[in-house]
Engineer: 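This is the structure I want to talk about, given as structure tokens.
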Amino acid sequence: MAMLSSKSSMRALGVSRPVAAKPLLPTRVVKTSAISPIKSPLIGPPNPSNPFAPAKIEEQRPILPAPQASSADAPKESTFLGYSTFTWQKIIPLGLMFFCILFNYTILRDTKDVLVVTAPGSGAEIIPFLKTWVNLPMAIGFTIGYAKLANILSTEALFYTVIIPFIIFFGAFAAVMYPMKDALHPTKFCEELLASAGERFAGPIAILRNWTYCLFYVMAELWGSVVVSVLFWGFANQITTVEEAEGFYPLFGLGANVALIFSGQAVRYFSDVRAHLPPGVDGWGVSLNGMMGMVVGFGLVITAIYYGLNRVVVPKVALREKKKKVKSKMSVGESFTFLAASPYIRDLATLVVAYGISINLVEVTWKSKIKAQFPNPNDYSAFMGNFSTATGIVTFTMMILAKQIFSKFGWGVAALITPTMLLLTGLIFFSLVLFSDVLTPTLASWGLTPLYAAVLVGAAQNIFSKSSKYSLFDPCKEMAYIPLDDEVKTKGKAAIDVICNPLGKSGGALIQQFMIIGFGSLAASTPYLGIILLVIVLAWFKAAASLNVQFVAAKAASDAENREN
């Protein structure tokens, strides 16, 4: 019995019994009490600094195995630029995914407008009808379908189920639908319908007449909101921590700028190819095959990277595999009711809608001033080229500064910078428009007219608003999802990114339409637009401040739960 007691004590102290080893010296059995520390000469006293570490082995007894290293003595994971190797295993593939997604989006965005505007019987007037009556309903339909699929599919299967139809569609459009456009489009029927209905209905009839082009337009729009916002950022939020997001999310925007450069050159290359084709060859068909081939290729690269991350990185991430609550299966109606009842999601939705309305309220008025200042199309184009260059430079600079802003001031300050920029520059812009007569002498002393000053201030407003959105607003929005429960994160993100984004843009356009109809012109409605901008930005401030409190609390709760598990 004494020997059994000694063996039990040895096991309790973490010393395993030697296997197939005969003692070189006889073992002296010492009686032990239930509460006394063991006194065997083979085993030293327990380590007081770490009671779970193996007990010290006496040097003169080689029959016992060497003590195992404690967790404190384990080698630390190697780091690079202050981040662990595992972090880089996540960030580098995510950056490549983001580049491919935005490369495709730029090509699709540049192609969709040309297709629908230059289509037979169509024009620029088709775009408002497309955005209001086709794009928004399809976005709502996608959100409903996504919420249903999220209840029955795994996260990985849901990603493939959503992205693969996009890849198939864009490949099929260039290879099948565009070459068969004459057979697929009801041209004769729509010409007769237009003759009987009148020119007032030219826009809706043009949608029916060129329905394959319009479907391409909507799918290209959905690529931006679905693949970028829902799929990519949803996945990134699952495998990154808040600390990693603060360091790397702003830098993903740098990849976006690089993607714009490369995709722009690709579009230019295919445009040059189209210009040098012999007569009788359908240039658009050749260009579409080339560009959609690149879209399909990069789409497959995106899918392959996601597949690899799910095999290599995701299993290592101690994500919310904690004591995971069984996910309740809610209907679509219950999902929206649940999300509407969440102050966290409501505040996030307010931020997104407020940005969309605010930027549209100023942008349309500003563009009307540009046209008045530069009536010549070449001068207008030259100004917009300089504007784009300035936007790129400021955005690049802001993205570099964003990491320091997050680390020094935190999420709350970073989230308030974009509405602050919009409010200050917007108020200056509307003041120049409203009080141009009073400000004329002062501006003349600086060599400026009120109109040109309004153009410059409006340009500054758009440059700083968009650069702060890309570098701060978007990363803040995505970080806010990280501490959330999977149910809220998946369905809330789909509802906000797919519905609230177009709703914000449509909301700004609808406000302006009502103002123009009510007051007779955009200029007459300018004072009221300024007041509406002030109200919306103040609501934005309130939602951002409320969300900051909830975000900090959710992050603390998530960190505490991770430590417990």
Side-chain angles (χ1 to χ4, degrees), residues 82-83 229 233-234 236-238 240-254 339 341-359 394-395 397-427 461 464-485 488-489 492-493 495-497 500-501 504 533-563:
Y83 291 95
S229 298
W233 286 116
N237 292 342
Q238 287 180 347
T240 55
T241 64
V242 173
E243 290 74 17
E244 290 169 341
E246 289 176 349
F248 289 102
Y249 277 14
L251 300 182
F252 282 157
L254 298 179
L339 295 174
S342 168
Y344 199 103
I345 295 297
R346 285 204 308 270
D347 287 338
L348 261 175
T350 302
L351 264 60
V352 174
V353 174
Y355 175 82
I357 294 176
S358 301
I359 198 69
V394 175
T395 302
T397 305
M398 288 285 292
M399 285 174 177
I400 295 174
L401 294 175
K403 184 176 179 180
Q404 301 301 320
I405 293 172
F406 278 111
S407 61
K408 290 185 179 181
F409 302 103
W411 188 95
V413 172
L416 291 174
I417 289 178
T418 303
T420 302
M421 292 264 194
L422 242 163
L423 180 62
L424 294 178
T425 54
L427 290 178
Q461 192 272 343
F464 286 106
S465 298
K466 290 184 176 180
S467 62
S468 62
K469 176 191 183 289
Y470 299 145
S471 57
L472 294 169
F473 179 80
D474 287 344
C476 280
K477 182 188 68 171
E478 300 306 328
M479 284 180 209
Y481 291 108
I482 294 177
L484 293 181
D485 175 78
V488 182
K489 182 188 298 183
K493 186 165 181 55
I496 289 173
D497 289 338
C500 292
N501 273 329
L533 174 67
L534 177 62
V535 172
I536 290 173
V537 174
L538 290 177
W540 186 350
F541 274 118
K542 182 179 178 181
S546 171
L547 186 58
N548 181 47
V549 175
Q550 297 176 76
F551 172 72
V552 171
K555 182 178 179 296
S558 178
D559 291 344
E561 192 172 354
N562 286 333
R563 285 193 297 269

Engineer: Quick one, W411 and C476 - any side-chain contact, counting heavy atoms below 4.5 Å?
Structural biologist: yes
Engineer: Using a 4.5 Å cut-off on heavy atoms from C-beta on, say whether the side chain of L422 contacts that of W540.
Structural biologist: yes
Engineer: Rounded to the nearest 0.5 Å, how far apart are CD1 of I345 and OH of Y481?
Structural biologist: 6.0 Å
Engineer: Ignoring hydrogens, what is the shortest heavy-atom contact between T418 and F473? Give both atom names and the distance.
Structural biologist: OG1-CB, 3.5 Å
Engineer: What's the separation between atom CG in L533 and atom CG in L423, rounded to the nearest 0.5 Å?
Structural biologist: 6.5 Å
Engineer: Which pair of heavy atoms, one from P419 and one from V537, lies closest together, and at what distance?
Structural biologist: O-CG1, 3.7 Å
Engineer: Do the non-hydrogen side-chain atoms of F406 and M479 ever get within less than 4.5 Å of each other?
Structural biologist: yes
Engineer: Looking at F464, I'd like to know if its CZ atom is crowded, meaning that more than 12 non-hydrogen atoms belonging to other residues, nucleotides or ligands lie closer than 6.0 Å.
Structural biologist: no
Engineer: Can you list the residues that meet the salt bridge (Lys or Arg N to Asp or Glu O under 4.0 Å) rule with D474, with sequence neighbours excluded?
Structural biologist: K469
Engineer: Keeping S358 on the side-chain end and Y355 on the backbone end, is there a donor-acceptor pair under 3.5 Å?
Structural biologist: no
Engineer: Return the minimal non-hydrogen interatomic distance between A539 and T350, and the atom names on each side.
Structural biologist: O-CG2, 4.2 Å
Engineer: Can you name the nearest heavy-atom pair linking S468 to I417, along with the distance?
Structural biologist: CB-CG2, 4.5 Å
Engineer: Which pair of non-hydrogen atoms, one from I359 and one from S465, has the smallest distance, and what is that distance?
Structural biologist: CD1-CB, 3.9 Å
Engineer: I'd like to check the side chain to side chain contact (heavy atoms under 4.5 Å, CB included) partners of D347; sequence neighbours left out, ordered by chain and number.
Structural biologist: A543, S546, L547, Q550
Engineer: Mind checking the CG-CG spacing from L348 to L484? Nearest 0.5 Å is all I need.
Structural biologist: 7.5 Å
